[in-house]
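Owing to the predicted nature of the structure, the values given are computational and were not obtained by experimental measurement. Positions are given from 1, in the same order as the sequence printed here.
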Amino acid sequence: MARHLITSALPYINGIKHLGNMVGSMLPADVYSRYLRQRGHDVLYICATDEHGTPAELAAKEQGLPVADFCAQAHDAQKAVYDGFALAFDYFGRSSSPENREITQHFARKLNENGFIEERAIRQVYSPTDGRFLPDRYVEGTCPHCGYDKARGDQCENCTRVLDPTDLINPRSAISGSTDLEVRETKHLFLLQSKLQHEVEAWVARHEADWPQLASSIARKWLNEGLHDRAITRDLDWGVPVPADTWPELAAEGKVFYVWFDAPIEYIGATKEWADQDPENRDWKSWWYEADDTVRYTEFMAKDNVPFHTVMFPATELGVREPWKKVDYVKAFNWLTYYGGKFSTSQKRGVFTDQALDILPADYWRYFLIANAPESDDSSFTWEHFTATVNKDLADTLGNFVNRVLSFSRKRFGDDVPAGGEPGEAEARLGEEIARLLAEYEEQMEALQFRKAAAALRALWSAGNSYLEEKAPWLEIKTDKDGAALTLRTAMNLIHLYAVVSEPFIPSTSAAMRQAFSLTEDTATWVSQDEAKALTSVPAGTPFTVPPVLFAKLTDEDLATYKERFGGTEE
């Protein structure tokens, strides 16, 4: 059985991320990782903060902190939010780590040895007002392609086109705002991606048929437009330094590697950070080096990150001429919008992850986001849709089922699971339906079709309600007490099944459902088809408790409060 390496797009260090960032990378990676672990697979889920580059320096300057101190604090703040969302990383690292510095410099040396790095004199924007060259993100202006007036010098946030600072219309310094800019000559290292074009094309061709259309189409578009040689160094104070043993002149000038070059390498670096915590029991290289036959590597990211991970980083890995593991499957997502407009960290538009946790527990958000994941196209977050989903799926379909089964059973039969009679035709039909829906859920999870998986999970919950309405134990108990006891015992077994299989989506709620039953041994990690049909994992006589309300229904007053705080109109 292949081991599963899972990574999600590295969240950038400058600020808490919004819900669109969460659903486009880290959350689906967590859901998939949890599912695979439950099915018995060996899983390593790696992520990290992306800490180099100009936004980190600008954010640190704004807060009056040394950039290293700012990044350390921001990393801890982000990690606290991800803990709040119950993201079960095996390791959440930092791209500023010594491990990433070591591996990034190794990659650069190897690329240079193999003829894929070249030192070039280029003309770069210089700000006399700031007294320094301005790396691309230090230059802002109007995008020449779409007219967006807050485009950065490396990429337009609006249309995602990759840019150079000199492409911008009406450029200005992001430090001082000065428009007094000059273009002067300086030297930088370039990765000769053009020399790797055919190798990257061949590699993509071997994989793109298996990828989602979104990922393969973006990769193919970049390749069809042709790979261009691209600078991999910048004039910054913060970053992985150019190694002096290979480029002494550039090192003396303080050049560092550009963030797009070192950030993907941090996946490897973070794995080494993880291993360095317990070197006797963890082997980081077995996950990344000569691992094609033993590791299945899946990446999760939103569409703006796809070019870097399907074209640019594979080019880097191919160029080092060493057997580093390359991605097998790229799960790409479109964007979650906020009432039709973009979530934006820089513009503070939309709901941010720390704000979300202040409003409601994580499971509300986890379920809603995955059930509405922007897989085939962009999807829109609205408070109306959110409250309707919470009330219908979580509060009514799941929460109400659990509460009324356990409350009614305790009221009429006491604090132990009642025995009742032998299962009959209704229980047999239910078992077949549950097994069928469970198989559908498994199929969609294996295929990484998260919206369809959520629909199958919702159908599993609904099947319990249909059974309860059919058997109506509140009426049945008047004429057939054993029959009512059987119905409730069967329903309690459904609750336990829901606790097990819902865990990837709503881990805290699943734990509460599971803990309602005082089973002497409850080691189940999944439910087999036979177990789903039998529904006997919670035997008669098992003590149980009624947990607090699993999901509170959201009111019109709640909706009004949310919209007043965050806004809630179509753009």
Would you give me the side-chain donor-acceptor pairs under 3.5 Å for residues 392-399, sequence neighbours excluded?
from	atom 1	to	atom 2	distance (Å)
Asp393	OD2	Tyr367	OH	2.8
Asp393	OD2	Arg458	NE	2.8
Asp396	OD1	Lys553	NZ	3.3
Asp396	OD2	Lys553	NZ	3.3
Thr397	OG1	Lys392	O	2.7

Inset, instruction - Scan residues 502-512 for pairs that pass side chain to side chain donor-acceptor pair (under 3.5 Å), counting only residues two or more places apart or in two chains. - result: Arg34-Glu503, Asp363-Thr509, Trp461-Ser502
Kindly list each side-chain donor-acceptor pair under 3.5 angstrom involving residues 160-172, sequence neighbours excluded, with atom names and distances?
from	atom 1	to	atom 2	distance (Å)
Asp167	OD2	Asp164	N	2.9
Arg172	NH2	Asp149	O	3.2

Inset, instruction - Might you confirm whether atom CD of Gln213 has over 12 heavy atoms from other residues, nucleotides or ligands at distances under 6.0 Å? - result: no
Inset, instruction - Look at Arg94 together with Glu266 and state whether they make a salt bridge at an N to O cut-off of under 4.0 Å. - result: no
Inset, instruction - Begin from the C-alpha positions of Glu208 and Thr310 and carry the test side-chain contact (heavy atoms from CB on, under 4.5 Å) through to its verdict. - result: CA-CA 9 Å; Glu208 61 182 334; Thr310 61; over 6 Å; no
Legend entry - Side-chain donor/acceptor of Gln105 to backbone N/O of Pro241, under 3.5 Å: yes
Legend entry - Sub-6.0 Å ring centroid separation between Phe92 and His75: yes
Inset, instruction - Could you tell me whether Asp235 and Lys255 have a side-chain N and a carboxylate O separated by less than 4.0 Å? - result: yes
Inset, instruction - Go through the side-chain N and O atoms of Asp30 and Tyr82 and say whether any donor and acceptor fall under 3.5 Å apart. - result: no
Legend entry - Proximity of Trp383 and Phe386 rings by center, below 6.0 Å: yes
Legend entry - Straight-line distance of Glu51 CD to Asn14 CG, nearest 0.5 Å: 11.0 Å
Inset, instruction - Look at Glu299 together with Lys331 and state whether they make a salt bridge at an N to O cut-off of under 4.0 Å. - result: no
Inset, instruction - Verify side-chain contact (heavy atoms from CB on, under 4.5 Å) between Tyr45 and Met26, making sure each step is shown before the conclusion. - result: CA-CA 10 Å; Tyr45 177 20; Met26 290 174 286; 3.8 Å; yes
Inset, instruction - State whether a side-chain donor-acceptor pair under 3.5 Å links Glu446 with Tyr35. - result: yes
Inset, instruction - Scan side-chain atoms only and decide if Asp558 and Thr555 contain a donor-acceptor pair under the 3.5 Å cut-off. - result: yes
Inset, instruction - Consider only side-chain N and O atoms of Asp130 and Ser176, and report whether a donor and an acceptor are under 3.5 Å apart. - result: yes
Legend entry - Arg282/Asp90 salt bridge by N-O under 4.0 Å criterion: no
Inset, instruction - Scan side-chain atoms only and decide if Glu273 and Tyr91 contain a donor-acceptor pair under the 3.5 Å cut-off. - result: yes
Inset, instruction - Can you measure from CD (Glu99) to CH2 (Trp284) and round to the nearest 0.5 angstrom? - result: 9.5 Å
Inset, instruction - Starting at OG of Ser376, measure out to CG of Asn334 and round the result to the nearest 0.5 Å. - result: 7.0 Å
Legend entry - Aromatic contact, Tyr297 with His4 (centres under 6.0 Å): no
Legend entry - Spacing of Leu44 atom CG and Leu5 atom CG [to the nearest 0.5 Å]: 6.0 Å
Legend entry - Pair Tyr562, Glu557: side-chain N/O donor-acceptor within cut-off below 3.5 Å: no
Inset, instruction - Taking Tyr498 for its side chain and Leu460 for its backbone only, find out whether a donor-acceptor pair lies under 3.5 Å. - result: yes
Inset, instruction - Keeping the roles fixed (side chain from Lys17, backbone from Gly15), state whether a donor-acceptor pair exists under 3.5 Å. - result: yes
Legend entry - Test of ring centre spacing under 6.0 Å for Phe313 and Phe308: no
Inset, instruction - Evaluate the ring planes of Tyr364 and Phe551, with Trp represented by its six-membered ring, and classify them as parallel (under 30°), tilted (30 to 60°) or perpendicular (over 60°). - result: perpendicular
Inset, instruction - Ignoring hydrogens and angles, tell me if any N or O in the side chain of Trp211 forms a donor-acceptor pair with the backbone of Asp328 under 3.5 Å. - result: yes
Legend entry - Check: Tyr441 side chain, Ala454 main-chain N or O, donor-acceptor pair, under 3.5 Å: no
Inset, instruction - Examine the side chains of Ser8 and Ser25 and answer whether a donor and an acceptor come within less than 3.5 Å of each other. - result: no
Legend entry - Lys563/Glu384 salt bridge by N-O under 4.0 Å criterion: yes
Inset, instruction - Give a yes-or-no answer on whether the side chains of His18 and Gln355 include a donor-acceptor pair shorter than 3.5 Å. - result: no
Inset, instruction - Taking atom CG of Asp76 as the centre, report whether more than 12 heavy atoms of other residues, nucleotides or ligands fall under 6.0 Å from it. - result: yes
Inset, instruction - Starting at CG of Leu437, measure out to OG of Ser462 and round the result to the nearest 0.5 Å. - result: 9.0 Å
Inset, instruction - Run the numbers on Phe89 and Ile46 for side-chain contact (heavy atoms from CB on, under 4.5 Å), then give the verdict. - result: CA-CA 6 Å; Phe89 304 116; Ile46 294 292; over 6 Å; no
Legend entry - N-O pairing of Lys342 and Glu157 below 4.0 Å: no
Inset, instruction - Would you check if the distance from the ring center of Tyr339 to the ring center of Phe381 is below 6.0 Å? - result: no
Legend entry - From His385 atom NE2 to Phe368 atom CZ, the distance as rounded to the nearest 0.5 Å: 5.0 Å
Inset, instruction - Using modelled atom types only, decide if a donor and an acceptor are shared between the side chain of Glu57 and the backbone of Trp238 within a distance under 3.5 Å. - result: yes
Inset, instruction - Using the six-membered ring wherever Trp is involved, compare the ring planes of Trp287 and Trp274 and label them parallel, tilted or perpendicular (cut-offs 30° and 60°). - result: perpendicular
Inset, instruction - Run the salt-bridge test on Asp262 and Arg101 with the 4.0 Å N-O cut-off and return the result as yes or no. - result: no
